[in-house]
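As the structure is a computational prediction, the values presented were derived from the model and not from experiment.
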Amino acid sequence: MTTSRHAIAAIAEPAGLPPAPVHEYLRAGPDDGSGDSGRPGQETGTATKTRTKTKRPNLYRVLLLNDDYTPMEFVVLVLQDVFNKSREDAMRIMLHVHQKGVGECGIYPYEVAETKVTRVMDIARKNQHPLQCVMEKQ
């Protein structure tokens, strides 16, 4: 059984349209729904998405200030509770505050730093200690 190219094209093309050359059928890939049939004269565009660059938040240093009345053990407990420091780190920071007059407890975004300062001041006030905690922009 022999079939001609025109017979194949007639089967593949709807009635009333001229048959497309066979090489266009071979070149055209499966329809992926993109609307690009692979035929000449059709242009495709590239979609671009604009990315906005997010700005990093300003960071603030939380500092403890030395005083002559707050017990060292209380300062260590505050550092462990509020700043999640290990016992060793809390002791090191407390001694630094005691010797130098001020010590850094951590660096945080504004809202976090503000919350930690407030917590330290509340705990100190409730326990009747004059411990002071401040924050400054890094």
Asks: Between F83 and M72, is there shared hydrophobic-cluster membership here, with clusters defined by ILVMFWY side-chain heavy atoms closer than 4.5 Å?
Replies: yes
Asks: Kindly indicate whether the side chain of I123, heavy atoms from C-beta on, has any atom under 4.5 Å from the side chain of D81.
Replies: yes
Asks: With rounding to the nearest 0.5 Å, note down the distance linking NZ in K116 to SG in C133.
Replies: 10.0 Å
Asks: When clusters are formed by joining ILVMFWY residues with side-chain heavy atoms under 4.5 Å apart, either directly or through shared neighbours, do V120 and Y110 land in the same one?
Replies: yes
Asks: Could you pull out the closest heavy-atom pair between L59 and P109, with the gap in Å?
Replies: CD2-N, 3.8 Å
Asks: Is E104 salt-bridged to R92, cutoff N-O under 4.0 Å?
Replies: no
Asks: Do M135 and M121 belong together in a cluster built from hydrophobic side chains that touch within less than 4.5 Å?
Replies: yes
Asks: Does the side chain of K137 reach to within under 4.5 Å of the side chain of R61, using non-hydrogen atoms?
Replies: no
Asks: Same cluster for L65 and L131 if Ile/Leu/Val/Met/Phe/Trp/Tyr side chains link at under 4.5 Å?
Replies: no
Asks: How long is the gap from OH on Y108 to CD on Q138, to the nearest 0.5 Å?
Replies: 12.0 Å
Asks: Side-chain contact test, heavy atoms from C-beta onward, threshold under 4.5 Å: evaluate it for L79 versus D89 and give yes or no.
Replies: no
Asks: State whether the number of non-hydrogen atoms from other residues, nucleotides or ligands found under 6.0 Å of E136 atom CD is greater than 12.
Replies: yes
Asks: Taking the side chain as every heavy atom from C-beta outward, state whether M91 and M94 have any pair of such atoms under 4.5 Å apart.
Replies: yes
Asks: Calculate, to the nearest 0.5 Å, the distance between atoms CD and OG1 belonging to Q132 and T70 respectively.
Replies: 8.5 Å
Asks: I need the Q128 CD to Y69 OH distance, nearest 0.5 Å.
Replies: 15.0 Å
Asks: Check V62, D122, L63, V82 against V117 for a side chain to side chain contact (heavy atoms under 4.5 Å, CB included) and give me the one that passes.
Replies: V62
Asks: Can you measure from NE2 (H98) to CG (D68) and round to the nearest 0.5 angstrom?
Replies: 8.5 Å
Asks: Looking only at heavy atoms, which two atoms of V97 and N66 are closest? And how far apart?
Replies: O-CB, 3.3 Å
Asks: Verify, without hydrogens or angle tests, whether N127 (side chain) and H129 (backbone) share a donor-acceptor contact under 3.5 angstrom.
Replies: no
Asks: When clusters are formed by joining ILVMFWY residues with side-chain heavy atoms under 4.5 Å apart, either directly or through shared neighbours, do F74 and V134 land in the same one?
Replies: no
